[in-house]
Amino acid sequence: MRKNNICRVTGYPLTEIINFGSQPLGNGFVSSANPEEEYFFPMVAGFAEDSMMFQLINQPEPKKMFHENYAFFSSTSMHMRNHFKTFADHVIDSGYMSEADPFVVELGCNDGIMLKHFSEKGIRHLGVEPSLNVAKEANKVGVKTISEFFSEDLADEVARNHGQADIFFAANVMCHIPDILGVAKGIKKLLKPSGVVMFEDPYLGDIIKKTSYDQLYDEHVFLFSALSVQYLFGTQDMELIDLHPQSTHGGSMRYTLAHKGAYEANDSVAQIIETELKQGLDRQEIFQVFKKNVETSRENLVELLTKLKAEGKRVVGYAATSKSTTILNYCNIGPDLIEYICDTTPIKQGTFSPGMHIPIVPHKMFADNPPDYAVLFAWNHAEEIMAKEQSYMQNGGKWILHVPEVRVL
Ligand code: SAH
Ligand code: TMP
């Protein structure tokens with residue numbers, strides 16, 4: 001564990017903002033309600049004014065989180081499958097791949113949800129995916145994948161073996177990597193002079209507005225803003241050329257970057273940077289407000305669940321997301337308040353939630369014996385889930401949402 005409160009990008013001191021206490025791994029599902037051993041780490045978020053990076057001060061070793069039994073399969077969500085199909089079509093039509101025999105690299109390609117659209121079109125590509133089980137799924141669907149952690153050294157190796165990349169993608173993974181400066185250095189070397197980087201991650205501006213503190217968990221070591229991304233890539237003589245807000249994962253941002261001077265930045269860059277400066281994402285004051293809102297959210301959720309229990313209502317959780325690990329452990333909510341959590345991912349079923357040990361069950365249990373209330377932990381997939389749970393709602397089943405504030409629907 002790191003001892004000093006220093007920014008992971010600059011090495012200068014940062015300000016501690018919120019202490020979430022001892023937290024298990026977000027995807028650390030355990031096989032028994034009383035496990036002999038379980039890993040916990042002190043989860044504290046801090047803000048560094050120099051780099052404008054909001055970040056976890058300690059993070060477990062990457063190999064503890066990303067391995068041959070990684071529990072998150074991207075393709076479980078239909079909405080995300082559609083999202084990556086549209087994203088891939090956009091890139092293929094964008095003109096950024098005009099060269100003959102273009103080469104596309106994706107970091108954290110998971111089960112191939114994005115790259116398979118390039119593979120199907122015969123476009124030269126490479127996925128870099130350290131979690132072996134999901135990397136194998138990608139290979140099965142025709143996506144050429146190596147099971148490695150991306151780093152500056154790996155970037156050199158990829159460039160040596162395959163040449164430089166026209167497009168470098170990453171979705172929901174840049175925010176996972178503690179040595180983000182090493183990644184930026186690697187990208188700088190791997191990208192052709194005319195190449196572009198496109199990456200998406202949960203967006204700090206939305207997280208602050210919605211008090212969606214559950215975006216902080218072991219894997220998410222950074223929550224980016226355009227300001228912090230501009231700072232990070234500025235150190236490598238690269239710049240933002242486009243910013244495109246996304247509705248995925250409860251509010252994300254797609255950052256497009258290139259070598260300095262290679263392309264003209266469009267208006268979105270100046271506009272969004274100005275909005276962020278108005279929101280105060282460059283100063284620590286806004287994070288102190290966020291901290292207060294997080295504490296209020298915790299009080300309201302615990303109060304509601306305790307009241308429902310006293311009234312004899314049945315309450316369950318819907319979707320064992322990694323985000324829910326932060327909420328359950330921070331709010332100290334266990335099986336006494338939430339009977340079970342249903343989830344469609346086979347590898348999670350029959351296990352117990354990290355830290356609080358709530359049973360994880362197949363969706364069938366929810367469908368066969370619906371509760372009075374379900375806490376929608378996958379609130380970022382609310383539209384998709386509510387569309388398929390019409391009969392639950394028609395029969396009087398209610399949802400509990402905690403974002404942007406705790407409420408019953
Ligand atoms: N891109 C997918 C997967 C996101 S989950 C999507 O948006 O749905 C994050 C993925 O990044 C995991 O599959 C994890 O194994 C991978 N990952 C974590 N650290 C990485 C690193 N240093 N290099 C490449 N991939 C990494
Ligand atoms: P995510 O919020 O990190 O994308 O994780 C989604 C989790 O929610 C994953 O474990 C699958 C689960 N899930 C369901 O159980 N039912 C659903 O309908 C959806 C969309 C997701």
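One-based numbering, in listed order, for ligands and for the atoms of each. Predicted, not measured: the structure shown is a model, and the values here were computed from it.
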Contact check, side chains of Ile208 and Leu223, non-hydrogen atoms, under 4.5 Å: no

Note every protein N or O atom lying under 3.5 Å from an N or O atom of ligand 1, pairing the names and giving the distance.
residue	atom	partner	partner atom	Å
ligand 1	1 (N)	Gly108	O	2.9
ligand 1	1 (N)	Ala171	O	2.8
ligand 1	7 (O)	Ala171	O	3.2
ligand 1	7 (O)	Asn172	ND2	2.8
ligand 1	8 (O)	Ser74	OG	2.7
ligand 1	13 (O)	Asn110	ND2	3.1
ligand 1	13 (O)	Glu129	OE1	2.7
ligand 1	13 (O)	Glu129	OE2	3.1
ligand 1	15 (O)	Glu129	OE2	2.5
ligand 1	15 (O)	Ser131	OG	2.8
ligand 1	23 (N)	Phe150	N	2.9
ligand 1	25 (N)	Gly108	N	3.3

Atom 17 (C) of ligand 2 - nearest protein heavy atom and its distance: Lys388 NZ, 3.5 Å

Any side-chain heavy-atom pair of Asp336 and Lys309 under 4.5 Å: yes

Any N/O pair Glu384/ligand 2 closer than 3.5 Å: no

Polar side-chain atom of Ser322 near backbone of Gly26 as donor-acceptor pair, under 3.5 Å: no

Test of proximity, Ser77 against ligand 2: N or O pairs below 3.5 Å: no

Residue selection (non-hydrogen contact nearest atom 14 (C) of ligand 2) among Asn380, Thr344, Thr76: Thr344

Location of contacts on Lys323 toward ligand 2, heavy atoms closer than 4.0 Å: side chain

Atom 8 (O) of ligand 2 - nearest protein heavy atom and its distance: Ala319 CB, 3.3 Å

Part of Phe72 with heavy atoms under 4.0 Å of ligand 2, whether side chain, backbone, both or neither: side chain

Inter- and intrachain pairs under salt bridge (Lys or Arg N to Asp or Glu O under 4.0 Å), touching residues 218-237, at least two apart: none

Side chain proximity check, Glu129 to Ser147, heavy atoms < 4.5 angstrom: no

Test item: Asp214 side-chain N/O and Ile327 main-chain N/O as donor-acceptor pair under 3.5 Å: no

Per-residue contact class, Ile385 against ligand 2 - non-hydrogen pairs under 4.0 Å: side chain

His249 to ligand 2, any heavy atom closer than 4.0 Å: yes

Check: Thr321 N/O within less than 3.5 Å of ligand 2 N/O: no

Note, Ser194 side chain near Tyr263 side chain (heavy atom, < 4.5 Å): yes

Closest non-hydrogen atom pair between Met80 and Ser74, with its separation: CB-O, 4.2 Å

Side-chain (Tyr231) to main-chain (Val9) donor-acceptor, under 3.5 angstrom: no

Protein residue, atom and distance nearest to atom 12 (C) of ligand 2, heavy-atom basis: Asp343 OD2, 3.3 Å

Residue part near ligand 2, for Met80, under 4.0 Å between non-hydrogen atoms: neither

Phe72: which of Asn110, Ile347, Val134 passes side-chain contact (heavy atoms from CB on, under 4.5 Å): Asn110

Atom 4 (O) of ligand 2: the protein heavy-atom neighbour that sits closest, reported with distance to 0.1 Å: His381 NE2, 2.9 Å

Any side-chain heavy-atom pair of Tyr330 and Gln23 under 4.5 Å: yes

Residue portion contacting ligand 2 (non-hydrogen atoms closer than 4.0 Å) for Lys348: side chain

Identified side-chain contact (heavy atoms from CB on, under 4.5 Å) counterpart of Phe199 within the set Met174, Glu106, Arg254: Met174

